[in-house]
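Proteins come first, then strands; the chains are lettered A, B, ... in the order of their sequence lines, and each starts at number 1.
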2 protein chains.
Amino acid sequence: MARPPRFDTDQLLDAAVRQAAASGPAGVTMSAVAKDVGAPSGSVYHRFPGRSALLAEVWLRTVERFQEGYFTALESDADARRAGRAAARHVVSWSRAHPAEAALLLYGAEDFGRADWSEEHLHRADRGSRRVRAALASLAAALGAEGPRATECVALALIDLPLSLVRRHLRAGTPLPAHAEDLAEECTTALLSSLPGRTASPSKAPATG
Amino acid sequence: MARPPRFDTDQLLDAAVRQAAASGPAGVTMSAVAKDVGAPSGSVYHRFPGRSALLAEVWLRTVERFQEGYFTALESDADARRAGRAAARHVVSWSRAHPAEAALLLYGAEDFGRADWSEEHLHRADRGSRRVRAALASLAAALGAEGPRATECVALALIDLPLSLVRRHLRAGTPLPAHAEDLAEECTTALLSSLPGRTASPSKAPATG
DNA sequence: ACAATATTAGAGAGCATCCTCTAGAACAGG
DNA sequence: CCTGTTCTAGAGGATGCTCTCTAATATTGT
């Protein structure tokens, strides 16, 4: 007993992603999103209580969609080194498959107005980052390297480094080259092989790389 | 035969840097800068023809100040590997010494309205990036690795990776830890040691690439 | 002292955006 | 058909920002 929606939430968020990729988080205005899908601004406000909510949702949806495959890759292999390589590849290939959403990932939650988010949105964000931190720490432990410094190095290898590669090309406007996944994997391998405190020795499995 | 300025260019640019570090490039508004130094908006427009010019100047001044020391580090040593390590350290230590300006470096020229820049500003920007590309390519060649892929890997090792380290802490709001320079150097060393096509050998040697 | 000039000072027009508000349209169920 | 709910539709106020314009002011050289 209700009128079916002409513009649903995902449709609006898709438009928000396009805007963010094109003009940055600041370009995600309620009117820009409305115009993008051909809706009046009232329809956008019907779905989201305000701009902060829209920004939070578009950021969280993107991050969660990315993390979905990322965790799968991270847990794809019992060997920590191989799992790390798979994760690095995933960052690049996911970005290749979803360039607009990848452009979003290059920003941070602060750029999407985290300061104005609701409790619930903050909670969702925290949940995600805690999960990432835990996975990275456990992978570092599996590699035999513990402590915050090792975890930081693993984070650099498995997240920041592949993202840098993507950022470089998105900023330049050039498409990701075909060998980008290989390059990311190689670089990650190199970093993991020189973890502080260790040089190279498997956790439970043999194999170096 | 002229009245001395109460608010000079550098003072206004310093305020712009503070604003950009605090609220991103979008937060650099003419009125925010004016209020920051306690000047009326007219004084800001007396120095800069418009917002695009202010954004261009603050971006270029920051990049050029950074590059000044960066190139010195890159050319500090005839051995390419040592020079690369010095460059990576410089990225981190400069960011530690100039946190607000480092926050700016984490953005890109596009975020500072490059699309609206004057010919001259575009020229200054191009000049800088050409010089960086040249230095990286020459360092890659000195390492015996040629081709765009090797250059890209060197860029990752000498720029993006140390910047990622800085970004991680600036985003989190935590200060750069004392060992950050060491960590950057180690990671860069690891990457340089595994350049595509090579593994390890001195500077002028034949090359595979 | 006087003229010339660079600069401050700030009001206000023009514009875009965020958000509110009211009116009505489309559809499911009785 | 009729009722109730969800949603579209878009006008309009409030706010904030860019930029212009006029007038006043401080300083130097003569």
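- Taking the six-membered ring where the residue is Trp, F66(B) and Y70(B) present parallel rings, their angle staying beneath 30° rather than reaching 60°.
- Of all nucleotides listed (dT20(D), dA9(C), dT8(D)), dA9(C) comes nearest to the side chain of P40(B).
- A close approach under 4.0 Å does not occur between any side-chain nitrogen or oxygen of S41(B) and OP1 or OP2 of dC19(D).
- Whole-Å rounding puts the L55(B) CG to dC17(D) C1' distance at 13 Å.
- For M30(B) and dA13(C), the CE to P distance is 20 Å, given to the nearest whole Å.
- Phosphate proximity of dA16(C) to T29(A): absent, as no side-chain N or O sits under 4.0 Å from OP1 or OP2.
- Rounded to whole Å, atom P of dT18(D) lies 12 Å from atom NZ of K35(B).
- When rounded to the nearest whole Å, the span between CZ of R47(B) and C1' of dT18(D) equals 19 Å.
- Here the C1' atom of nucleotide dT8(C) and the CD atom of Q11(B) are 13 Å apart, to the nearest Å.
- DNA chain C is contacted by both R51(A) and S43(B); S43(B) maps to the nucleotide lying nearer its 5′ end (nearest heavy atom per residue).
- Using a cut-off of 4.0 Å between Lys/Arg side-chain N and Asp/Glu carboxylate O, D77(A) and R89(A) are scored as not salt-bridged.
- Looking at which nucleotide of DNA chain D each of G42(A) and P4(A) is closest to, the 5′-most match is held by P4(A).
- Note: CZ (F48(A)) to P (dC18(C)) measures 14 Å, nearest angstrom.
- The residues E101(A) and R65(A) are annotated as salt-bridged, a charged nitrogen and a carboxylate oxygen being separated by less than 4.0 angstrom.
- The separation between H46(A) atom NE2 and dA23(C) atom P is 18 Å, rounded to whole Å.
- The pair E119(A)-R124(A) fails the salt-bridge criterion, with no side-chain N (NZ, NE, NH1 or NH2) lying under 4.0 Å from an Asp/Glu carboxylate O.
- Looking at R85(B) and E185(B), a side-chain N of the basic residue comes within less than 4.0 Å of a carboxylate O on the acidic one, giving a salt bridge.
- If you measure from atom CD of Q19(B) to atom C1' of dC17(D), you get 13 Å, rounded to the nearest angstrom.
- In the set dT8(D), dC17(D), dT8(C), the nucleotide with an atom closest to the side chain of F7(A) is dT8(D).
- With dT18(D), dT8(D), dT20(C) as the candidates, the nucleotide lying closest to the side chain of Y45(A) is dT20(C).
- OP1 and OP2 of dA6(C) both lie 4.0 Å or more from every side-chain N or O belonging to R6(B).
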